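Reading through the structure tokens given below for one structure.
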Amino acid sequence: MADQKRLFLLDAFALIFRGYYAFIKNPRINSKGLDTSAILGFTNSLLDVIKRERPDHLAVCFDRGGSVDRVEAFPAYKANRQETPEAIKLAIPYIETILKAMHIPIIVKNGYEADDIIGTLAKMAEKEGYKTFMVTPDKDFAQLVSENIFMYRPKFGGGYETWGIPEIQEKFGVERPEQVIDFLGMMGDASDNIPGLPGVGEKTAKKFLAQYGSMENLLANTHELKGKMKEKVEASKELGILSKQLATIMLDVPVEFHEENFELSQPDLDAVKEIFTELEFRRLHDNLIKTFSPSEANSAKAETKTTSKTTKKAAPVGQFDLFAVPGSGNVDEEVTVSGYETIKTTDHFYQLANTPMSRKMLLQKMLKQQSVCFDTETTGLKALEVELVGVAFSWEKGKGYYVAFPEDQAETKEILEEFRPFFESMTIEKVGQNLKYDIKVLSNYNMPVKGLLFDTMIAHYLINPDMRHNMDILSETYLNYQPVSIVELIGKKGKNQLSMRQVPLEQQTEYAVEDADITYQLKEHFIKELESGQLTKLFTDVEIPLVSVLSAMEIEGINLDPNFLNELSVDLTTDVDRLEKAIFEQAGEEFNLASPKQLGLVLFDNLKLVDKPKKTKTGQYSTAEDVLSYLAKDHQIIRDILEWRQYNKLKSTYVDALPNEINPKTHRIHTVYAQAVAATGRLSSNNPNLQNIPIRTERGRQVRKAFIPRDENYVLLAADYSQIELRIIAALSKEDTMMQAFKDGVDIHTSTASKVFNVPVEEVTREQRSNAKTVNFGIIYGVSAFGLSNQTDLSRSEAKELIDTYYETYPKLRAYMASQVDFARDHGYVETVLGRRRYLKDINSRNAIVRGAAERNAVNAPIQGSAADIIKLAMINIYNRFEKENFKSKMLLQVHDELVFDAHKDELETIKSIIKEEMENAFIMDVPLDVEIGVGQNWLEAH
DNA sequence: GGCCTATCGTA
DNA sequence: GTACGATAGGCCA
């Protein structure tokens, strides 16, 4: 069997798409701003197949021009495919170049899909005595499987599986693979727009196949069906036949199979190197060299592979004599070849320090270091509620120590105390990934963390704010090392998940020290990257000090009055029930009001309130607020629905949810600020989100009354920047008229209205001011006439005129916006007043929509981000002064342009002036900053 | 239980 | 038009 010649046919587009989407949450962007995800994904698959299988014959098949025959038969065929992403279009020429350099044949035929080409070639090769492996994730290919033709499917999470006849029988519930065509024809395929039989999904299709064996036989025996199903299928016989045709892979493509053309040969390594260098695929290049260099033949991996299988030696074939493996194509038992180093492939010295003596020696060593990475292991995710299970330390690549703690919390405290000299040391730098978490955990044991900090998560956030910053991803990206996954250790989330405490100590040690080890290595890497991006100052002077400030704010929490919310809840329930009843009466039926799907059907199918209802992107009727608002004036039911929506939202998201967030120990609410999430530099708040507490509507605003001072000795103080973003754009653009308005302290929207509508300030109408206000805000987001007319009563042309007049009034503002876009085009990024960068990879996209979005980002990011920079500075300065003066008053919350404090009554006047001074002077520009301070018995009163 | 979509709360 | 997070429904396994 192993002697049989083997042909591998790759379905290029399917693999490219798969590769692209594998990186979708963390796209690979090279230094030129090119999204290389698709290229990397595909090339990885290609090398992976070669490395695992050592095929002697291989080709890559592309689509070109789509399927002429299928579109003729059914114009909608594949019509609802989304447009190919830009990055994929750009990827194709690179992939073709790579394939050419590797001397791998590319098969294309105008007017045929890759499916058809692969199918035809597979059948031809079968006649020539080949075993053919169709490399594709696309299940349509199952119909081609035979004794000599297999599907070779990439699995999620790595590895491949081979589907032969038995697998097809099992997965599709068919006797013969050809029946897969009937199966697909019956159930249809949304992605290819094969309609299928209405009402028939996977389950029913399997049932029909078992019973009737084919589409034709089913359609000939529809009299045996019953009820709705009978009607539907009988009405769709033609559709059934058509669907089957569409699903059929053609086997008569005019291609020829000359085996010598498909032989895999040695690549042109120089040419490959050139293209890989251009793309910045360093690791892939190493991988390629390994893959094609016979001297590596006896590597450990190859040995594991062969010894784990029956030892029947394969006859040497093709280029890869030295590492020939048995050619069954069955890969289930093979070790995973991810391309990453792991704990198994790397020398390491991770030691458990579990005795008083070993801990003492560990401490002695640590105290001699300048910089040490530490990482706490705990019983859960909520830092303020968990118990400490262990702490790992590392300060040298590949080495580290783990201190484990017992369940007894008093003992834990004692052991932790031994390390106080380390945590309190002002001279040893503490390195960590998301140090805020560790600081909070240690605070449960009254153990402060002092001295310089280096947080790798935050470092990377500054280096590339659009990426995600999990340690696992960072490690794979920067160290080519895949850490032990937490899932391996404690299992998947949910039912059987273990606590870290239940993991054997040896494994805890390996896992925890590895994390510390990796984090320490990442630091070395990121120091350089911060420096080259001129981000070191922002990191050291702003983000790192902020870690401690946020930790303190989160630990402090805020007082909540749950009884007040309970009363609110009762009132809301009354109104929700009343409205629900009224709505059902008007609709003439009961349904789930909270389901937009059901609501849409009731309003637009049954009641037919509109001729041509707006649809969402998934094809459902849209019932969003702006859609319903149009109808509100004509229909009582719509007004009731909007009111119901509002109350229901308030109740479920705030009134009923917030009391559950009260910490049982502190009786306060402790939000968690995410310092490395928002791409612009803002913070975000979660668990619970305290940055979106209602204020706009009367009813919603009541929720703020539940946020109250610590006790009767305190009041709540709120300090707001007034128009900070407009002030920033005025200062950055040096638009004199706008700057002057701010210097004069006049109402900016009235001032704008007076200028664009050319009327004296005192004659500006409410409507004019309101429209001017909308444009002022719109400018910050990158207005369009369309957006503006949607937000105001203005028509599209009136909106356009208003925008034009606005730009004439403030010409420098327009010039500034254009200059930001130009800067982004030239440099690939824009930056804030403190040099925080945001990379805009789509700024030169040929797709106008994509490019437009990037251009709006180029304008908005520096403004939103500079405002974020400034309030961060203010927070640090206020915190430091509060610490120095030892105030009882505490900073509690940040809401983008607002800070909220528990203000001790004795300190009220003092801190008012400190807060105002620090906020207004946090960053000096040509426009003054203005801060309004309010004080009250709750958050609403403080405004 | 996990993941996606639609909706809506804030600056 | 920018930036977020939480909820419920609905569908998957």
Side-chain angles (χ1 to χ4, degrees), chain A residues 201-203 465-466 491-497 591-600 614-628 641-642 645-658 660-661 671-674 677-697 699-701 703-704 720-726 729 774-775 777-792 799 803 817 830 838 849 852-865 867-868 871 893-898:
Chain A
E202 188 183 334
K203 290 275 152 56
D466 274 298
K492 281 206 190 270
K493 204 168 148 176
K495 42 183 182 197
N496 298 321
Q497 196 181 37
F591 57 98
N592 187 346
L593 253 178
S595 160
K597 190 176 170 177
Q598 295 182 33
L599 178 62
K614 192 178 156 189
K615 301 263 186 93
T616 67
K617 61 182 171 199
T618 53
Q620 323 250 351
Y621 296 126
S622 169
T623 67
E625 210 258 353
D626 57 334
V627 176
L628 296 190
I641 289 167
L642 288 171
R645 278 252 181 96
Q646 193 199 139
Y647 298 160
N648 199 47
K649 179 87 174 184
L650 287 175
K651 192 165 133 49
S652 62
T653 309
Y654 304 102
V655 177
D656 291 346
L658 283 173
N660 296 325
E661 299 284 348
T671 185
V672 178
Y673 290 102
V677 165
T680 51
R682 274 189 177 182
L683 300 176
S684 80
S685 151
N686 59 36
N687 303 308
N689 182 353
L690 295 187
Q691 290 180 324
N692 71 345
I693 301 301
I695 193 164
R696 285 173 195 174
T697 65
R699 209 64 188 271
R701 175 178 314 148
V703 175
R704 296 200 168 215
D720 278 70
Y721 278 113
S722 139
Q723 313 293 356
I724 185 166
E725 293 188 346
L726 272 181
I729 200 171
T774 311
V775 192
F777 280 118
I779 287 297
I780 296 167
Y781 304 144
V783 261
S784 70
F786 177 77
L788 184 63
S789 71
N790 267 349
Q791 278 243 325
T792 59
I803 293 171
M817 293 168 66
V830 286
R838 179 165 187 192
I849 297 178
E855 287 170 359
R856 289 192 295 276
N857 279 327
V859 175
N860 175 261
I863 299 168
Q864 196 183 108
I871 195 165
L893 304 179
Q894 189 251 43
V895 192
H896 308 307
D897 63 0
E898 170 187 7

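None of these values were measured; they are calculated from a predicted model.
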Rounded distance (Å) that lies between atom P of B:dT7 and atom CG of A:Leu628: 8 Å
A:Asn692 CG to B:dT7 P: how many Å, rounded? 18 Å
Sugar-phosphate only, base, or nothing, as touched by A:Val783 at under 4.0 Å among non-hydrogen atoms: base
Closest non-hydrogen contact found for A:Ala861 with A:Val830 is CB-CG2, 4.2 Å
Side chain to side chain donor-acceptor pair (under 3.5 Å) involving A:Thr774 - partner list, sequence neighbours excluded: none
Sugar-phosphate only, base, or nothing, as touched by A:Glu625 at under 4.0 Å among non-hydrogen atoms: sugar-phosphate
Is it the case that the side chain of A:Asn860 and the backbone of A:Ile780 share a donor-acceptor pair, with hydrogens and angles ignored and the cut-off at 3.5 Å? yes
Whole-Å distance, A:Leu683 CG to B:dT10 C1', equals 14 Å
For A:Ser784 and for A:Gln598, locate the closest nucleotide of DNA chain C by heavy-atom distance; then report the residue assigned to the nucleotide nearer the 5' terminus. A:Ser784
With a non-hydrogen cut-off below 4.0 angstrom, is A:Arg856 in contact with a base, only sugar-phosphate, or nothing? sugar-phosphate
Categorize A:Ile695 for me: base, sugar-phosphate, or nothing, with a 4.0 angstrom heavy-atom threshold over every strand shown. sugar-phosphate
Of the candidates B:dG9, B:dT7, B:dA11, the side chain of A:Pro694 sits closest to B:dG9
How close do A:Ala679 and A:Asp466 get, heavy atom to heavy atom, and via which atoms? CB-OD1, 3.5 Å
Please enumerate all residues that pass side chain to side chain donor-acceptor pair (under 3.5 Å) together with A:Tyr654, with sequence neighbours excluded. A:Asn692
Hey, does A:Asn790 reach any base, or is it just sugar-phosphate, or nothing, if we go heavy atoms under 4.0 Å? nothing
Regarding A:Ala861, tell me which of base, sugar-phosphate or nothing describes its non-hydrogen contacts under 4.0 Å with the strands shown. nothing
Reckon A:Ala657 touches a base, only the sugar-phosphate, or nothing at all at heavy-atom distances under 4.0 Å? sugar-phosphate
Where do A:Ile871 and A:Glu898 come nearest, in terms of heavy atoms and distance? CD1-N, 3.7 Å
Taking only side-chain nitrogens and oxygens of A:Arg645, does any of them come within less than 4.0 Å of OP1 or OP2 of B:dC8? yes
So what does A:Asn648 touch, heavy atoms closer than 4.0 Å: a base, only the sugar-phosphate, or nothing? nothing
Rounded distance in Å - CG (A:Leu593) to P (B:dA6): 19 Å
Anything under 4.0 Å to a heavy atom of chain A counts; send over the first and last such nucleotide of DNA chain C, read 5' to 3'. C:dG1 to C:dC11
Under 4.0 angstrom, heavy atoms only, what part of the nucleic acid is A:Arg838 near: base, sugar-phosphate, or nothing? sugar-phosphate
Rounded off to whole Å, could you give me the CZ-to-C1' distance for the A:Arg701 and B:dG9 pair? 14 Å
A:Arg696 vs B:dT10: side-chain N/O to OP1/OP2 distance below 4.0 Å: yes
Has the side chain of A:Ser789 got a donor or acceptor atom that lies under 3.5 Å from a matching backbone atom of A:Phe786? yes
Would you mind classifying the nucleic acid contact of A:Ile863 as base, sugar-phosphate or nothing, using non-hydrogen atoms under 4.0 angstrom? nothing
Quick one: does A:Asn689's side chain have a donor or acceptor within less than 3.5 Å of a partner on A:Gln691's backbone? yes
From C-beta outward on A:Thr618, which listed nucleotide comes closest to its side chain: B:dA6, B:dC8, B:dA11? B:dA6
Whole angstrom is fine here: how far is it from CD1 in A:Ile693 over to P in B:dC8? 18 Å
Tell me the interatomic distance from A:Lys649, atom NZ, to B:dA6, atom P, rounded to whole angstroms. 14 Å
Give A:Val859 one of three labels, base, sugar-phosphate or nothing, depending on what nucleic acid heavy atoms sit under 4.0 Å from its own. nothing
Protein-nucleotide distance (A:Leu726, atom CG; B:dA11, atom C1'), rounded to Å: 13 Å
Identify the heavy atoms of A:Leu650 and A:Pro694 that sit nearest to each other, and give their distance. CD2-CG, 3.6 Å
Check whether any side-chain N or O of A:Thr623 sits under 4.0 Å from OP1 or OP2 of B:dT7, and answer yes or no. yes
